[in-house]
Amino acid sequence: MVQRDLDGFFESYLEKDPLFLNKKIIQSNYTPEEIPHRDKEIDSVASILAPALRLDRPSNIFIYGKTGTGKTLTVKYVLTRLGTLCEKKSINVKFVYINCKLKRVADTEYRLIAQIIRELGSDVPATGLPTDEVYKLFFDMLPSKTQLLILVLDEIDQLVGKAGDEILYNLTRINSDLHNCQISLIGISNDLVFSNNLDPRVKSSLSEEELVFPPYNAVQLQDILRHRSTLAFRENSIEDGVIEKCAAYAAREHGDARRALELLRVSGELAERQNSNKIKMKHLDMAEEKIERDRLVDIISTQPKQHQVVLYSIIKLYIDSKSKSIFTGDAYEYYKTVVKKVHLRPLTQRRFSDIVAELDMLGIICARVVSKGRYGRTKEIGIDIPEQNLKDIEKLLEDIFS
DNA sequence: CGAGATTCATGTGAAGTATACCTTTAGGCTTAA
DNA sequence: AAGCCTAAAGGTATACTTCACATGAATCTCGTA
């Protein structure tokens, strides 16, 4: 019986008109043919990078803008265009794109350089080598491979926050050490005031050119959504008003186009799953919740064990006590009991405090130091997880431990 | 009553330690001449 | 003698611990009105 149902299910799935024509187009890593409302920015980036075609070193660029304003997209777009042209004319230019946010990939000096080398096609061990040895490896392989390297460091603020700005200084200085090879840096940052606490030397050499990407407004967001949705979805598969609402959601969150597109995509997936032939408003609402939940699940499940235990302790304490905030001392006491149950070695309170700070950075919890006068000084820990997802997350963590 | 000292509970920086992993080197074994 | 493998030695980055000092407002203390 089950079998027959399944066959029927698959058959009706095939017969059904799919909502998506081409899902790839609306996924976040897709680079579209056209980027609406970013002409000026594309022109700027292109004209700054153009000297690369004559193997002159382009100026370093520093790009600011909130998330989802098309920074990464614009840079990647210009670079692929430039890249294909270079290939056609066999100009020896290489591009390396690195996202510094990725934990355990490019969040320290060593890992960043190692990752660059990997992108260029060699292999480096994850640990064990002296950092200057890795630099040396990098230097040695550069001239043989290429004459000009354009290095894109996305979310550069994360890197500097964790590893300091010495790396950038070293990178900008490389040019004076190399004769037949040059490097241009493109730094991309979400943090608008980030460069203020950089070493002045680094700052000046990194921001030879500066670009600011303004947020999209609601009308532009609608444009983008329409443009992509006509390519991605079957005709007439979106109910009136959905796109407008989608744009409005995202415009409220500082004009984040990525978020708007994701909202639309997930709505589509939900609608399809429900056998609906149109994307309706209710799907949009469901999508918003699902995105948030997926984001959390994604972040949390990739955390190291100890971090998960710390988070679990905080959540558990939060649910049990029903009080709005928790203090480090209580959380740590509770953590010690939990850690025993899952057979892990308990960490010190010092480390615990650091992990709390890291979780805070991830936006899962919010911690701020408060002084309670006579009764000492502590961190007040709150939780940034929407109430309706809290139980799910708690369960997720319990599953991980068992 | 108010200014200044005290106090608490933890934040936080610096330095040290453990672990996991890397390369180099030396010794032992095998192999081919 | 040359070539290859293995184990030990020596070195590193990273996550964590230890130590020691910093913080900052509620509370206490004490001089003054």
Side-chain angles (χ1 to χ4, degrees), chain A residues 98-141 158-171 197 199 299-314 317-318 321 323-340 342-362 364-383 400-401:
Chain A
I98 291 190
N99 189 334
C100 307
K101 192 178 68 179
L102 298 174
K103 224 182 158 167
R104 274 152 230 289
V105 174
D107 59 349
T108 68
E109 181 169 12
Y110 181 94
R111 284 173 182 164
L112 176 71
I113 306 294
Q115 187 60 29
I116 295 173
I117 296 177
R118 268 183 227 121
E119 292 281 331
L120 286 172
S122 295
D123 203 35
V124 217
T127 168
L129 262 59
T131 306
D132 24 335
E133 191 67 26
V134 185
Y135 267 109
K136 201 164 150 293
L137 232 73
F138 179 45
F139 285 164
D140 289 349
M141 71 181 300
Q158 300 277 332
L159 175 69
V160 173
K162 272 199 126 176
D165 53 13
E166 223 167 282
I167 312 160
L168 297 181
Y169 180 65
N170 288 337
L171 284 174
N197 25 13
D199 185 313
I299 296 177
I300 292 172
S301 53
T302 55
Q303 286 301 301
K305 267 259 149 40
Q306 289 284 5
H307 294 228
Q308 290 173 343
V309 180
V310 171
L311 180 63
Y312 177 76
S313 311
I314 292 169
L317 209 58
Y318 177 82
S321 71
S323 66
K324 268 285 152 238
S325 51
I326 302 157
F327 301 110
T328 306
D330 306 334
Y332 183 65
E333 284 307 310
Y334 192 79
Y335 158 83
K336 279 199 288 193
T337 66
V338 176
V339 106
K340 275 221 185 72
V342 292
H343 308 295
L344 279 172
R345 203 166 38 84
L347 300 175
T348 39
Q349 185 156 346
R350 178 70 186 81
R351 181 65 186 144
F352 183 87
S353 178
D354 280 351
I355 291 177
V356 167
E358 282 173 46
L359 291 173
D360 180 44
M361 288 281 277
L362 288 171
I364 302 173
I365 61 177
C366 62
R368 69 197 170 94
V369 267
V370 292
S371 179
K372 291 190 293 167
R374 190 70 177 52
Y375 307 104
R377 211 166 100 96
T378 181
K379 258 191 190 135
E380 194 182 63
I381 305 168
I383 296 202
I400 292 173
F401 298 145

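Lettering of chains follows the sequences in order, A, B, ..., and the numbering in each one begins at 1. Side chains included, hydrogens not; waters and symmetry mates left out as well; all remaining heavy atoms used.
Between A/Y375 and the phosphate of C/dT27, there is a side-chain N or O to OP1/OP2 separation shorter than 4.0 Å. In this structure, A/T348 reaches the C/dT17 phosphate: one of its side-chain N or O atoms is under 4.0 Å from OP1 or OP2.
Residue A/K372 contributes atom NZ, which lies 15 Å from atom C1' of C/dT27 at whole-angstrom precision. Atom P of nucleotide C/dT14 and atom CZ of A/R351 are separated by 13 Å, given to the nearest angstrom. Going from atom CG of A/L344 over to atom P of C/dC16 covers 11 Å, rounded to whole Å. Rounded to whole angstrom, the span from the CD atom of A/E358 across to the C1' atom of C/dC16 amounts to 11 Å. Distance CD (A/E380) to C1' (C/dA25): 14 Å, rounded to an integer number of Å. Note: CZ (A/R368) to C1' (C/dG24) measures 14 Å, nearest angstrom. In this entry the distance linking CD1 of A/I326 with P of B/dT10 reads 14 Å, nearest Å. Between the P atom of B/dA9 and the CZ atom of A/F352 lies a distance of 17 Å, rounded to the nearest Å.
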*Hey, mind stepping through A/R368 and A/D360 against side chain to side chain contact (heavy atoms under 4.5 Å, CB included) and telling me if it holds?*
CA-CA 9 Å; A/R368 69 197 170 94; A/D360 180 44; over 6 Å; no

*List the steps and the verdict of side chain to side chain contact (heavy atoms under 4.5 Å, CB included) for A/F327 and A/E380.*
CA-CA 5 Å; A/F327 301 110; A/E380 194 182 63; 3.9 Å; yes

_Test side chain to side chain contact (heavy atoms under 4.5 Å, CB included) on A/I300 and A/L311; report intermediate values, then the result._
CA-CA 9 Å; A/I300 292 172; A/L311 180 63; 3.7 Å; yes

*Show your working on side chain to side chain contact (heavy atoms under 4.5 Å, CB included) between A/V370 and A/T378 and close with a plain yes or no.*
CA-CA 6 Å; A/V370 292; A/T378 181; 4.1 Å; yes

*Reading nucleotides 11-17 of chain B 5' to 3', which nucleotides get B (base under 4.0 Å from a protein heavy atom), which S (sugar-phosphate only), which -?*
SBB----

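Taking the six-membered ring for Trp and thresholds of 30 and 60 degrees, A/Y332 and A/F352 have ring planes more than 60 degrees apart, a perpendicular arrangement.
For A/Y334, there are no side-chain hydrogen bond (donor to acceptor under 3.5 Å, both in side chains) partners, not counting sequence neighbours.
When atom types are taken as modelled, the side chain of A/S313 and the backbone of A/V309 share a donor-acceptor pair closer than 3.5 angstrom. When atom types are taken as modelled, the side chain of A/Q306 and the backbone of A/V339 share no donor-acceptor pair closer than 3.5 angstrom. No side-chain donor-acceptor contact under 3.5 Å links A/Y318 to the backbone of A/I381.
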Restricting to nitrogen or oxygen on both sides, can you table the protein-nucleotides 4-6 of chain B pairs closer than 3.5 Å?
none

